[in-house]
Chemist: 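One structure, pasted below without further comment.
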Amino acid sequence: MNELSAQYKTAAELNQKIIIAAQMAQQNLYSMCCMLKEMRDGKIYKELGYQNFEDYCENEVGFGRMQAHKYIAIIENVKNVNSSLHFGVTKLALLSSLSESQQEEIQEKIKVEDVSVRELKEEIKKLKDDKEAAEKKAQDELESRIHLQSDVLSLKSKNRSLSHELEESNEKIQELESQPVEVAVQDNPETLRQIDELNQKLFDETIKSKREKRKNDELEERIKTAEQELSDLRDINKMQEQRIRNSELEKVSPDTKEVFRAYYQHSVQSMDVLLSFIREAKSKNDINFEFFRKKLDNLTEKFAENLHKIWEAE
């Protein structure tokens with residue numbers, strides 16, 4: 001029993017020393033990263049006789065430029081870096097290449113401290129590939145929609161041109177028909193032939209105009225279908241995001257300010273994207289611009305009305 005007690009005491013003391021050493025190592029790493037950033041940003045290394053930050057790191061600290069900037073990137077880009085130092089420098093450097101929302105997504109999906117560096121790289125690559133694919137899909141849909149709208153505008157322009165030609169043809173025919181036949185033939189033997197040609201041209205152009213109109217209607221229908229599909233995709237995305245938020249809210253008791261800030265930032269970003277779309281539609285004389293404007297007016301009025309009810313509620 002005495003021997004076991006002595007071994008337990010040794011183990012407990014060693015464990016305590018390891019914990020303290022690990023905490024000190026983490027704190028020292030955090031302090032070093034902060035001080036390297038201060039040395040670089042303030043160009044304080046010049047006071048020590050160095051012309052650039054890279055020479056300072058190699059001669060004074062003992063590591064190269066890439067390593068120094070890797071440490072600084074951790075401070076600048078990793079969310080809650082001080083509480084994440086136990087991940088290790090390599091994993092933190094990988095996380096620093098991601099945006100704040102992507103870092104949160106990775107840490108929600110996997111336990112960074114439990115996976116290998118290779119596994120973390122694979123997860124980050126998959127995340128970036130998925131984001132790139134989603135952005136490309138959205139861009140392709142937007143370009144397709146713009147192309148369809150361009151075709152519609154082109155067809156409308158052609159229709160206007162054809163209508164103008166038809167009006168001119170009708171005026172010329174009426175002018176010729178207003179002359180007595182005998183006089184017209186006497187003045188110009190080709191009058192009857194010209195009338196026949198104009199009638200034939202009028203008939204051909206009428207048929208062509210009807211075909212163009214059908215094509216125009218088909219393109220507009222395709223645009224409406226594409227817009228509806230895009231709207232459905234956005235609704236599905238919002239539903240998925242809401243399910244994720246609801247799942248996270250069930251796991252923890254959140255800070256209401258943080259929850260509000262997340263919803264607020266998401267709303268602002270969504271509104272910025274929507275306004276950019278409206279601005280582009282107006283600049284291109286989109287035929288649906290008036291529809292967009294009315295919808296947004298209704299939305300803002302309804303939002304203000306609901307807010308007023310909440311403020312006035314007891």
Chemist: So how far is it from E301 CD to N306 CG, rounded to the nearest 0.5 Å?
Modeler: 12.0 Å

Chemist: If we ignore angles and hydrogens, is there a donor and acceptor under 3.5 Å between the side chains of Q200 and D204?
Modeler: yes

Chemist: Could you see if L48 belongs to whatever hydrophobic cluster contains I72? Use Ile, Leu, Val, Met, Phe, Trp, Tyr and a side-chain cutoff under 4.5 Å.
Modeler: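 Per the 4.5 Å side-chain linkage, L48 and I72 are co-clustered.
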
Chemist: Side chains of Y50 and E60: is there a donor and an acceptor less than 3.5 Å apart?
Modeler: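 On atom types as modelled, these side chains qualify, holding a pair under 3.5 Å.
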
Chemist: In sequence, state the C-alpha distance, the side-chain angles, and the governing distance for H69 and E54, and then conclude on side chain to side chain contact (heavy atoms under 4.5 Å, CB included).
Modeler: CA-CA 9 Å; H69 287 293; E54 289 74 15; 3.6 Å; yes

Chemist: Look at the side chain of N52 and the backbone N and O of D55, then say whether any donor-acceptor pair between them is shorter than 3.5 Å.
Modeler: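 The answer is yes, because a donor-acceptor pair under 3.5 Å joins these two groups.
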
Chemist: Are D130 and K126 within salt-bridge range, i.e. N to O under 4.0 Å?
Modeler: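 A salt bridge links D130 with K126.
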
Chemist: Mark yes when over 12 heavy atoms from residues, nucleotides or ligands other than E280 sit less than 6.0 Å from its CD; otherwise mark no.
Modeler: yes

Chemist: So does R118 pair up with E122, basic N to acidic O under 4.0 Å?
Modeler: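 Between E122 and R118 there is a salt bridge, with a charged N closer than 4.0 Å to a carboxylate O.
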
Chemist: What's the separation between atom CG in L299 and atom NZ in K295, rounded to the nearest 0.5 Å?
Modeler: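 So the gap between those two atoms works out to 10.0 Å.
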
Chemist: Decide side chain to side chain contact (heavy atoms under 4.5 Å, CB included) for F292 and D286; before the verdict, give the C-alpha distance in whole Å, the side-chain angles of both, and the deciding distance to 0.1 Å.
Modeler: CA-CA 10 Å; F292 299 156; D286 193 308; 4.3 Å; yes

Chemist: May I have the step-by-step check of salt bridge (charged side-chain N to carboxylate O under 4.0 Å, His left out) for E76 and R40, ending in yes or no?
Modeler: CA-CA 13 Å; E76 292 178 331; R40 185 199 65 181; 2.9 Å; yes

Chemist: For the hydrophobic clusters of this structure (ILVMFWY residues joined by side-chain heavy atoms under 4.5 Å, transitively), does one cluster hold both V61 and I74?
Modeler: yes

Chemist: Kindly compute the distance separating NZ (K136) from CD (E141), expressed to the nearest 0.5 Å.
Modeler: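 CD of E141 is found 11.0 Å from NZ of K136.
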
Chemist: Do F53 and L36 touch side chain to side chain, with heavy atoms closer than 4.5 Å?
Modeler: yes

Chemist: Calculate, to the nearest 0.5 Å, the distance between atoms CZ and OG belonging to F303 and S267 respectively.
Modeler: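 Taking CZ in F303 and OG in S267, the distance rounds to 7.0 Å.
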
Chemist: Hydrophobic cluster membership, with links at side-chain heavy-atom distances under 4.5 Å among I/L/V/M/F/W/Y: are F63 and M35 in one?
Modeler: no

Chemist: Rounded at 0.5 Å granularity, tell me how far OG in S276 sits from CZ in R279.
Modeler: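 Taking OG in S276 and CZ in R279, the distance rounds to 6.0 Å.
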
Chemist: With K302, which residues qualify under salt bridge (Lys or Arg N to Asp or Glu O under 4.0 Å), at least two apart?
Modeler: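 If we apply the salt bridge (Lys or Arg N to Asp or Glu O under 4.0 Å) test to K302, skipping adjacent residues, there are no hits.
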
Chemist: Would you please test K282 and I278 for side chain to side chain contact (heavy atoms under 4.5 Å, CB included) and show each step?
Modeler: CA-CA 6 Å; K282 183 178 181 182; I278 296 299; 5.6 Å; no

Chemist: Can you list the steps and then say if Y56 with I44 is a side chain to side chain contact (heavy atoms under 4.5 Å, CB included)?
Modeler: CA-CA 10 Å; Y56 163 78; I44 305 174; over 6 Å; no

Chemist: Report, as yes or no, whether the 6.0 Å neighbourhood of atom CD on E132 holds more than 12 heavy atoms from other residues, nucleotides or ligands.
Modeler: no

Chemist: Regarding E305 and K309, does a basic nitrogen lie under 4.0 Å from an acidic carboxylate oxygen?
Modeler: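 Yes, this pair counts.
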
Chemist: How about F289: does its CZ atom have over 12 heavy atoms from other parts shown lying under 6.0 Å from it?
Modeler: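 Yes, enclosed.
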
